[in-house]
Amino acid sequence: MKTAITPTREEDFAQWYQNVIKEAELAENSPTRGCMTIMPYGYAIWELIQEEMNKRIKATDTQNTYFPAMIPMSFFEKEAEHVEGFAKESAVITHYRLKTVDGKMDVDPEAKLTEPYILRPTSETMIGEATSRWIQSYRDLPMKLNQWANVFRWEMRTRIFLRSAEFLWQEGHCAFATEHEAMANVQQMLHVYGDFSKEILGVYSTLGEKTAEERFPGARHTFTREVMVQDGKALQTGTSHDLGQTFSKSFNIKFQSEEGKEEFAYTTSWGITTRMMGDIIAGLADDDGLVLPPKIAPHQVVILPFYRGDDRKDEIQKACLSLKQKLADLGIRALVDTTDARSSDKMWKWVKKGAPIRVEIGERELDAGSLSYVRRDIGKESKETLSTNDFLGKIDSVLEAMQTDIYEKHKAFTLDNTRTAKKLTDAEKWFKEGFKGFVLLPLSETEGAAFETVAEKYKVSRRCMPLDKPDHVIIAKSY
RNA sequence: CGGGGAGUAGCUCAGUCUGGUAGAGUGCUUGGUUUGGGACCAAGAUGUCGUAGGUUCGAAUCCUGUCUCCCCGACCA
């Protein structure tokens, strides 16, 4: 069978992944090393993610802010573990002027900054400095801030959406009076991510805690949302950190308690990134391209007018536009593709772009007052012809069903490719046999040199200790 | 950042070994026939051969530097 994307997932997953992105016009590599240009269709998906996530963040009484992208280098020096974590991938701004020499641009050596700036890899330091001034009393707590921003990490090896030198994210930074409240916030936000994944992204994820070696630099506990993509590798998209008093001590985030005592606050940070686009692509797309869950589809219903010649073109287009309006009245994002292309070309275009529902209206439907529609996740077998009114009556439930079916399918895939091992030797045997997926291994089996040898040999690492199985560790390859 | 591969028309790529002045398929434009899971015919447009330098009468081709991408590692959301 011919697929819209070549090679297929089976043939070459990495190449398939890139072609899906290209064919769906989500993003492209930019001339700037390691950075991507997010194209209109890709950004529209990100905006839907943002919109819904922003709502959920605000529902936790967190306020949005904006801090500078450039961080004074000295800020990083204040937290030893943190610097070490990011030092190797920092982009540094050292000059503030260019000059032209022999027709060529170069930095002006005269214009060297006395203190260089780091392009933020994350904003704990910047926000820590500010909140140390903003927080005086226990009455100022909790202070729950968030920002939507770009961050920079000079990655050695980049992959579009999965790892790029610049990416977009949301970073929440909160301060609390007690350890208990901070921990509750960390847990709450992790579940905000988990629920979002299930309800909006249509992606099954495992929530868990990172082992010590995988923790965020400076954190006491790091919680994560791990997603299995279709080559069996793990994608970490969404983290929530308990920073304890690490940053409050480095940045002097102090408050006076009810008893009049001066105390250090407990801080947290949590974030999701444009890597979530990778969840959708690598996790849900198929050999015909993107498959979008309705809730993050820029166009939930794409209406294609089919006509022979120009005879009834206007009539058919009118019917399409009227349907679009009726869908809009129901709160459904619909698009009529009136572009002057062959119907089959338009059809494949929207298959590759993952539009959830494709509606076709041609002469047959026009005369019958009906329409035909196809679900992207099922394909042409799902094609159904029914009256426009019947369609309008059931479209909500069709989209709802599709949203959950996509999630259930991904969940089944993840569980089918997850095994539980009693002993490290079982895991080793499976990896040796070429097993691709998650192995749940008892925590005790991951301690010691034998584990490191296996991890090294099969390029697997500790992903997390699942919340519902805290005495086990998920072992897998990861991006 | 180490090892490997690649950069030639919008896209996929041939041409490079053996130097002689730019090709195919597809897409695009125009006209016509078509049209419900990837149509066909005809005509047409398209290139600083990634980039900078060097060798040469002459460079896509040889040499050097450099940038970017892909794959496998090490590092990471």
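To find a chain, count down the sequence lines: A is the first, B the second, and so on, and within it residues start at 1. In what follows, every heavy atom counts, from backbone to side chain, and hydrogens, waters and symmetry copies are set aside.
Side chains of Arg225(A) and Thr237(A): a donor-acceptor N/O pair is present below 3.5 angstrom, by distance only.
At a cut-off of 3.5 angstrom, the base of G73(B) holds no donor-acceptor pair with the side chain of Glu456(A). For C76(B), the base has no donor-acceptor partner in the side chain of Arg153(A) [N/O atoms by modelled type, under 3.5 angstrom].
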Give every donor-acceptor pair under 3.5 Å between a side-chain atom in residues 43-54 of chain A and any protein atom, sequence neighbours left out.
residue: Glu52(A); atom: OE2; partner: Arg56(A); partner atom: NE; Å: 2.8
residue: Glu52(A); atom: OE2; partner: Arg56(A); partner atom: NH2; Å: 3.3
residue: Asn54(A); atom: OD1; partner: Asn64(A); partner atom: ND2; Å: 2.9
residue: Asn54(A); atom: OD1; partner: Trp148(A); partner atom: NE1; Å: 2.9

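Residue Lys459(A) has a polar side-chain atom (N or O) positioned under 4.0 Å from OP1 or OP2 of A74(B). At A39(B), one or more side-chain N or O atoms of Arg342(A) fall inside 4.0 Å of OP1 or OP2 (strictly under the cut-off). The side chain of Arg157(A) contributes an N or O atom lying less than 4.0 Å from OP1 or OP2 of C71(B). OP1 or OP2 of C11(B) has not a single side-chain nitrogen or oxygen of Asn19(A) nearer than 4.0 Å.
With sequence neighbours excluded, no residue satisfies ring-ring contact (aromatic ring centres under 6.0 Å, His included) with Trp270(A).
Where stacking is scored as ring centres under 5.5 Å apart with planes under 30°, Trp348(A) does not register as stacked on the base of G37(B).
Heavy atoms of Gly34(A) sit under 4.0 angstrom from primed sugar atoms or phosphate atoms, though from no base atom. Within the 4.0 angstrom heavy-atom criterion, base atoms lie near Arg358(A). Among the protein residues, Glu381(A) comes within range of no part of the nucleic acid, since none of its heavy atoms lies under 4.0 Å from any strand. Ser372(A) comes within 4.0 angstrom of a nucleotide base, judged by non-hydrogen atoms across all strands.
Between Phe247(A) and His173(A), the ring centre distance reaches or exceeds 6.0 Å. Between His241(A) and Phe223(A), the ring centre distance reaches or exceeds 6.0 Å.
Remark: the separation of the P atoms in G19(B) and U51(B) is 23 Å, to the nearest Å.
Using a 4.0 Å cutoff on non-hydrogen atoms, the parts of residues 9-18 of chain A near RNA chain B are Ala14(A), Gln18(A), ordered by number.
Here the CG atom belonging to Asp314(A) is positioned 10.5 Å from the CG atom belonging to Leu321(A), to the nearest 0.5 angstrom.
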